[in-house]
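Values below: all heavy atoms of this structure, side chains included; hydrogens, waters and symmetry mates excluded.
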Amino acid sequence: MTKNRLEAFSDGVLAIIITIMVLEFKVPNDTTFESVLKLSHKFLSYILSFIYVGIYWNNHHHMMHTVKRVNGKILWANLHLLFWLSLIPFTTAWIGEHHFAPFPMMLYGIVLFMNGLAYFILQNVILSHHGKDSVLSKAIGKDYKGKASVILYLIGIALSQYSTLTAGIIYIIVALMWLIPDKRIEKILEEEK
């Protein structure tokens, strides 16, 4: 099977996720600067989640350029990733509404962790379908960033009950690690030409 429908469906779901997140913003009842400041927690949570969704879209897009064909396992692994991504608007709204309270921050971290795990599963299903000599296999190498992300998410989840600020900083660090463009796939695709 070709990958076109998988890419189109994934792009559509990610666009809807971003739309749902922005619709969580309610216009303030008054016209003062203070009324906008009251939304700062929601805005900060939105920014971080928007960055995460953007990172997943970007990396998913790059990964799909390495895929020649898909099978049922890849389709289900992709749906698994989209399921966890679809929970980002809920946890984003919750941490924003409750000013980064401990339990919402823990759940936010769990959702981020599960997104990372789902992406890892999708990546490995693609690798098993395309083989050890595939473009994706060459590009990801030992995947140190992916492994470091998992560890940092778990630390953030554990610390969220003691210091939501520390947990938030850890979640931001993981986002910054992935925000820096990863040229591995582009480099390998250029070498393959």
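Using a 4.5 Å cut-off on side-chain heavy atoms (C-beta onward), V70 and L75 make contact. Put simply, the side chain of M21 reaches to within 4.5 Å of the side chain of V53, judged on heavy atoms. Considering only heavy atoms from C-beta on, V13 stays 4.5 Å or farther from L85 through its side chain.
Side chain of N124 to main chain of F120: a donor-acceptor pair is present (N/O by atom type, distance under 3.5 Å, no hydrogens or angles). Of the possible polar contacts, none joining the K145 side chain to the W178 backbone as a donor-acceptor pair under 3.5 Å is found.
Hydrophobic clustering (side-chain heavy atoms under 4.5 Å, transitive across Ile, Leu, Val, Met, Phe, Trp, Tyr) keeps L39 apart from I18. By the criterion of side-chain heavy atoms lying less than 4.5 angstrom apart, applied directly or through intervening Ile, Leu, Val, Met, Phe, Trp or Tyr residues, F25 is not grouped with V36; the two fall into different hydrophobic clusters.
Considering CG of L81 and CH2 of W76, their distance stands at 14.5 Å, rounded to 0.5 Å. Separating the CG atom in L87 from the CE atom in M114 is a distance of 10.0 Å, to the nearest 0.5 Å.
Under the salt bridge (charged side-chain N to carboxylate O under 4.0 Å, His left out) criterion, no residue pair touches residues 68-77, with sequence neighbours excluded. The stretch residues 13-25 participates, sequence neighbours left out, in no side-chain hydrogen bond (donor to acceptor under 3.5 Å, both in side chains) pair at all. Sequence neighbours left out, not one pair with a member in residues 128-156 passes ring pair (Phe, Tyr, Trp, His ring centres under 6.0 Å). Pairs engaging residues 79-93 under the side-chain hydrogen bond (donor to acceptor under 3.5 Å, both in side chains) rule: S49-T92, H80-W84 [sequence neighbours left out]. Among residue pairs with one or both ends in residues 38-61, those qualifying as salt bridge (charged side-chain N to carboxylate O under 4.0 Å, His left out) are K42-E97; sequence neighbours excluded. Residue pairs that meet the side-chain hydrogen bond (donor to acceptor under 3.5 Å, both in side chains) test with at least one member in residues 166-177, sequence neighbours left out, are S163-T166.
Remark: F90 engages W94 in a ring-ring contact (aromatic ring centres under 6.0 Å, His included) (not counting sequence neighbours). Applying the side chain to side chain contact (heavy atoms under 4.5 Å, CB included) test to I20 and every residue at least two apart in sequence or in another chain returns I16, P89. In this view, H41 and H99, F100 satisfy the ring-ring contact (aromatic ring centres under 6.0 Å, His included) rule, not counting sequence neighbours.
Within 6.0 Å of NZ on K26 lie more than 12 heavy atoms contributed by other residues, nucleotides or ligands. Environment of CG in D30: crowded, with over 12 heavy atoms of neighbouring residues, nucleotides or ligands closer than 6.0 Å.
The two residues S149 and V174 make their nearest non-hydrogen contact at OG-CG1, 3.8 Å. Across all their heavy atoms, S137 and K132 have their closest contact at OG-O, 2.9 Å.
A side-chain contact (heavy atoms from CB on, under 4.5 Å) with L48 is found for one member of L112, I95, I172 and no other, namely I172.
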For this session: Carefully, step by step, assess H60 and L122 under the rule side-chain contact (heavy atoms from CB on, under 4.5 Å).
Result: CA-CA 10 Å; H60 187 273; L122 174 59; 4.0 Å; yes

Problem set entry | Verdict with reasoning, T66 to S134, per side-chain contact (heavy atoms from CB on, under 4.5 Å) | CA-CA 8 Å; T66 71; S134 67; over 6 Å; no

List the atom pairs, donor and acceptor, that lie under 3.5 Å between side-chain atoms in residues 5-12 and the rest of the protein, sequence neighbours left out.
residue : atom : partner : partner atom : Å
S10     : OG   : L6      : O            : 2.8
S10     : OG   : N78     : ND2          : 2.8
D11     : OD1  : W57     : NE1          : 3.0

Let me check something: any side-chain donor-acceptor pairs from residues 155-162 under 3.5 Å, sequence neighbours excluded? List them with distances.
residue : atom : partner : partner atom : Å
S160    : OG   : I157    : O            : 2.7
Q161    : NE2  : P102    : O            : 3.1

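Through side-chain heavy atoms spaced under 4.5 Å, either directly or across other Ile, Leu, Val, Met, Phe, Trp or Tyr residues, F33 is tied to L37.
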